[in-house]
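Scroll down for the structure; my scribbles are underneath it.
What's counted below: heavy atoms across the whole structure, side chains too, no hydrogens, waters or symmetry copies. In this text the structure is predicted, and so the values were computed from the model without any measurement. Positions are given from 1 along the sequence.
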Amino acid sequence: MDRKVGMIEADVLATATNWQDQGHKVALATVVATWGSSPRPVGSQLAVDETGRMVGSVSGGCIEGAVVHEARQIMEGAPPKLLTFGVTDEDAWSVGLACGGTVKVFVESLV
């Protein structure tokens with residue numbers, strides 16, 4: 001794992017733990033697989049609490065809204081979920097991207 005990514009993720013986990021220690025519900029999203037073009041590498045994380053605070057990133061912004069939506073449901077009791085986001089090479093060209101890609105994000109509630 002890239003050393004810089006590892007330090008960033010440690011900060012995400014430390015913040016999530018701090019929020020949890022303060023009595024907040026917290027969900028953690030982790031990039032578990034990528035293919036093709038992906039803005040964040042495997043291991044990247046995003047923590048969310050029930051007030052809407054966020055730390056970290058799983059995509060550089062393009063899928064964070066959907067991930068946060070799922071995280072809120074999971075904090076309220078829904079089961080953990082593996083989310084898959086992607087765009088084909090053909091669709092990528094139509095929106096100005098050089099190539100397509102897929103990212104898989106696992107979202108779970110911290111207990």
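Heavy atoms only, all atoms of each residue included: Val107 and Ala29 are closest at CG2-CB, 4.0 Å. The two residues Ala47 and Ala16 make their nearest non-hydrogen contact at CB-CB, 3.8 Å.
Taking CG of Asp49 as the start and CE of Met54 as the end, the distance is 10.0 Å to the nearest 0.5 Å. Distance check, rounded to the nearest 0.5 Å: CG of Leu110 to CG of Leu13 gives 8.0 Å. Taking CD of Glu108 as the reference point, atom CG of Leu28 lies at 5.5 Å (rounded to 0.5 Å). We find the OG1-CG distance between Thr30 and Leu46 to be 9.0 Å, quoted to the nearest 0.5 Å.
Residues meeting the side chain to side chain donor-acceptor pair (under 3.5 Å) test with Glu50, sequence neighbours left out: His24. Checked against side chain to side chain donor-acceptor pair (under 3.5 Å), His69 has the following partners two or more places apart in sequence or in another chain: Gln73. Qualifying side chain to side chain contact (heavy atoms under 4.5 Å, CB included) partners for Thr15, counting only residues two or more places apart in sequence or in other chains: Trp19, Val55. Looking at residues two or more places apart in sequence or on another chain, you find no side chain to side chain donor-acceptor pair (under 3.5 Å) involving Ser109. Checked against side chain to side chain donor-acceptor pair (under 3.5 Å), Glu70 has the following partners two or more places apart in sequence or in another chain: Lys81.
Checking Val105, Val48, Val58 one by one against Glu64, the side-chain contact (heavy atoms from CB on, under 4.5 Å) holds for a single residue, Val58.
Judged purely by atom type and a 3.5 angstrom limit, Arg40 has no side-chain atom pairing as donor or acceptor with the backbone of Val31.
Counting Ile, Leu, Val, Met, Phe, Trp and Tyr side chains that sit under 4.5 Å apart, directly or through other members, Leu82 shares a hydrophobic cluster with Val32, Phe106.
Proximity of Ile63 to Val103: side-chain heavy atoms (C-beta onward) are separated by under 4.5 Å at one or more points. Contact of the Lys25 side chain with the Gln20 side chain is not registered, since no non-hydrogen atoms from C-beta on lie closer than 4.5 Å.
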